[in-house]
Amino acid sequence: MIKLESVSKAYPGQATPALTEADADIAKGEFVFLVGPSGSGKSTFLRLLNKQEEPDAGRIFVAGKDIAQMSSWKVPMLRRNIGSVFQDFKLLPAKTVAENVAFALEVIGRPRGVVRKQVPAICELVGLGDKMTKYPDQLSGGEQQRVSIARAFVNRPLILLADEPTGNLDPQTSIGIMRLLDRINKTGTTVVMASHDRGIVDTMRKRVIELSNGVIVRDQDRGVYE
Amino acid sequence: MAFRPDYLVRETGQNLFRNPSLSIATILTVAVSLSLMGAALLVSQGVEQINNRFKDEVEFIVWMDIDVTQEQLESVDNILQDSPFVKRLSFVDRDQTFSDFQEFFADEPEILELVEADQLPTSFSVVPQDANVEYIRALGTEIEKESGVEEVQFADENIKAISSFSRGSSQIMLFAALASAVAAALLMYNSIRTAVFARRREIEVMRLVGATKWFIRIPFMLEGLLQGLIGAFLSIFAVFGLNKAFDSFFGDLDSFVFRDFAVPSTDVLFIGGFLMLVGAFLGALGAGVAVTRYLDA
């Protein structure tokens, strides 16, 4: 599903490269943790997968396509197959829960019937069936993250990328979010999650790819944080 | 990029009304800039109009005595016909003069009543081969000596000066119109950029979930287009008002030269239509460019 071949990426004006000759092969339906301290290259790894960044060298395959060669007008189609979840949720404050989720379908031109059917179903799935008319600032952090997961998943993407999704949440709430991501993974969606939450990584016992200064130093099935 | 019309209408509407102060600022900016542009076009049109009136090639007119005899007329006609220096010659008879007169004083019936056709002189209007002033004067003075010639009237030097002045100022006005169009585009670009900046999160989310660039761009461009149109619509009132002001100002001035400075309403409408086009185009273009800055991520 995802394959990196000696991918390197450096940002201008930064001494150490963000990613150096990274190789990785992630199969369909896998759940993978990217771990490592801040600045180790986890976010760059994720941002390369949906073409928010371009690699300086190397090849990246997503769903069988070489995305480094992909022309920019095809990028929206790529992203429709990749859901993204962030530490800061990136919800639209002027829209309700249902509108935030529906927005993701509307802006890719889905018919109204699909939107009407999918949005309540997905809100139910993430456990917010009774809060669809609430605005983001009326929700707790955990609830807001559920909305953002609903938005990322409502289009049934092949891949879900999560960049520190529990970074702003307390441990108890984080467990709920991880259960949700696990459930989504069980539907066959490949999940790649960057985290430096030791407790979560150790509890989940999933594949762990560890980065240090932009280099993959460990790739371990059913791994722990260290 | 299948647009649902309800999505397009809702998004554009929300954008317009979510930040009313910014929308109003943009619209007023457009209105002011386009008013300037309209004023420049109006002045240039008026100048053009004056210019056209005096552009006629007639370089001098030979007025005959009112009681001129047929022989005298023929004699002058022969001289002019035979002169190698005359390019074109036309005889203006009494009826023609009278109808010109009626046309000229159409607004003043009391003057018309005083004059009968047989009280008016006949004339020759002469276009010389050479536009050289000295030369024309020499030719005119010679004909003035003929019997039956009342007066040779030379194209007024002042009118010529005005004509060349107006040609120059017409260019300056067109330049001013262009400059205010550029100003309008830049101001519009700036205020739409502010609006786009306020919604950069929304754009970011759209990009992330796979909306195409045009899908994101078009509601903004539609918003810009609407603001441009509304602004242009307001500016038309300013242009109309200005033309009215010209009309009464130059009308009261009673100046022969500037009498026709205010342009007919159809011309103002034409300028208005042009301003609407410019407003719509600048609005859509400004918004399109402004939003593109946030699409490369």
Side-chain angles (χ1 to χ4, degrees), chain A residues 46-47 49-54 62 70-86 88-95 99-116 136 147-163, chain B residues 1-24 26 192-224 284 287-297:
Chain A
L46 292 177
R47 291 170 65 84
L49 295 182
N50 63 358
K51 237 168 137 62
Q52 282 182 275
E53 301 286 353
E54 303 287 333
V62 173
M70 186 177 272
S71 51
S72 68
W73 65 269
K74 281 184 180 165
V75 172
M77 302 307 141
L78 169 76
R79 291 186 182 161
R80 289 176 194 193
N81 283 316
I82 304 177
S84 296
V85 177
F86 303 91
D88 59 355
F89 319 135
K90 295 195 194 295
L91 297 177
L92 302 174
K95 291 184 190 290
E99 284 166 353
N100 262 286
V101 176
F103 190 65
L105 290 174
E106 282 171 340
V107 300
I108 60 172
R110 286 298 147 98
R112 204 186 324 200
V114 171
V115 177
R116 258 196 218 129
V147 178
S148 110
I149 291 171
R151 182 180 66 194
F153 190 60
V154 68
N155 195 31
R156 309 282 161 171
L158 298 167
I159 299 166
L160 190 75
L161 306 178
D163 195 354
Chain B
M1 196 182 53
F3 273 108
R4 281 167 31 197
D6 62 319
Y7 168 84
L8 211 56
V9 169
R10 195 188 46 187
E11 278 299 302
T12 310
Q14 276 180 0
N15 292 352
L16 270 177
F17 294 109
R18 181 168 344 185
N19 201 337
S21 60
L22 202 57
S23 269
I24 291 169
T26 309
I192 292 174
R193 208 173 52 167
T194 315
V196 172
F197 180 78
R199 299 179 54 221
R200 63 196 182 285
R201 281 186 69 94
E202 213 163 310
I203 295 173
E204 187 191 1
V205 170
M206 289 166 108
R207 292 293 289 150
L208 278 171
V209 300
T212 59
K213 289 189 179 186
W214 279 106
F215 192 95
I216 300 171
R217 210 180 266 139
I218 280 174
F220 279 103
M221 292 181 74
L222 216 61
E223 179 188 354
V289 173
V291 76
T292 298
R293 277 169 45 101
Y294 291 92
L295 289 183
D296 298 321

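The basis for the numbers below is simple: all heavy atoms, side chains too, and nothing from hydrogens, waters or symmetry mates. Below, chains carry the letters A, B, ... as their sequence lines are ordered, and counting in each starts from 1.
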Query raised in the report: If we only count heavy atoms from C-beta on, is the A:Trp73 to B:Lys213 side-chain gap below 4.5 Å?
Result: no
Report task. Identify, with sequence neighbours excluded, every residue that meets side-chain hydrogen bond (donor to acceptor under 3.5 Å, both in side chains) alongside A:Asp163. Result -> A:Ser43
Report summary line: Here the pair of heavy atoms bringing A:Arg79 nearest to B:Gly210 is CB-CA, 3.9 Å
Report task. Quick one: list whatever passes side-chain hydrogen bond (donor to acceptor under 3.5 Å, both in side chains) with A:Lys90, sequence neighbours left out. Result -> B:Glu204
Query raised in the report: Nearest heavy-atom pair of B:Phe215 and A:Val107: which atoms, and what distance?
Result: CE2-CA, 3.2 Å
Query raised in the report: Relative to chain B, which segment of A:Arg47 carries a heavy atom at a distance below 4.5 Å: side chain, backbone, both, or neither?
Result: neither
**Report entry** Which atom of B:Val209 lies closest to which atom of A:Ile108, heavy atoms considered
**Finding:** O-CG2, 3.4 Å
Query raised in the report: Given a strict heavy-atom distance threshold of 4.5 Å, which part of A:Pro111 is in contact with chain B: side chain, backbone, both, or neither?
Result: backbone
Requested in this report: Please look at A:Asn50 and chain B and tell me whether the side chain, the backbone, both or neither of the residue comes under 4.5 angstrom of a heavy atom of that chain.
Outcome: side chain
Report task. Using a 4.5 Å cut-off on heavy atoms from C-beta on, say whether the side chain of A:Leu91 contacts that of B:Arg201. Result -> no
Query raised in the report: What distance do A:Lys51 atom NZ and B:Arg207 atom CZ have between them, rounded to the nearest 0.5 Å?
Result: 11.5 Å
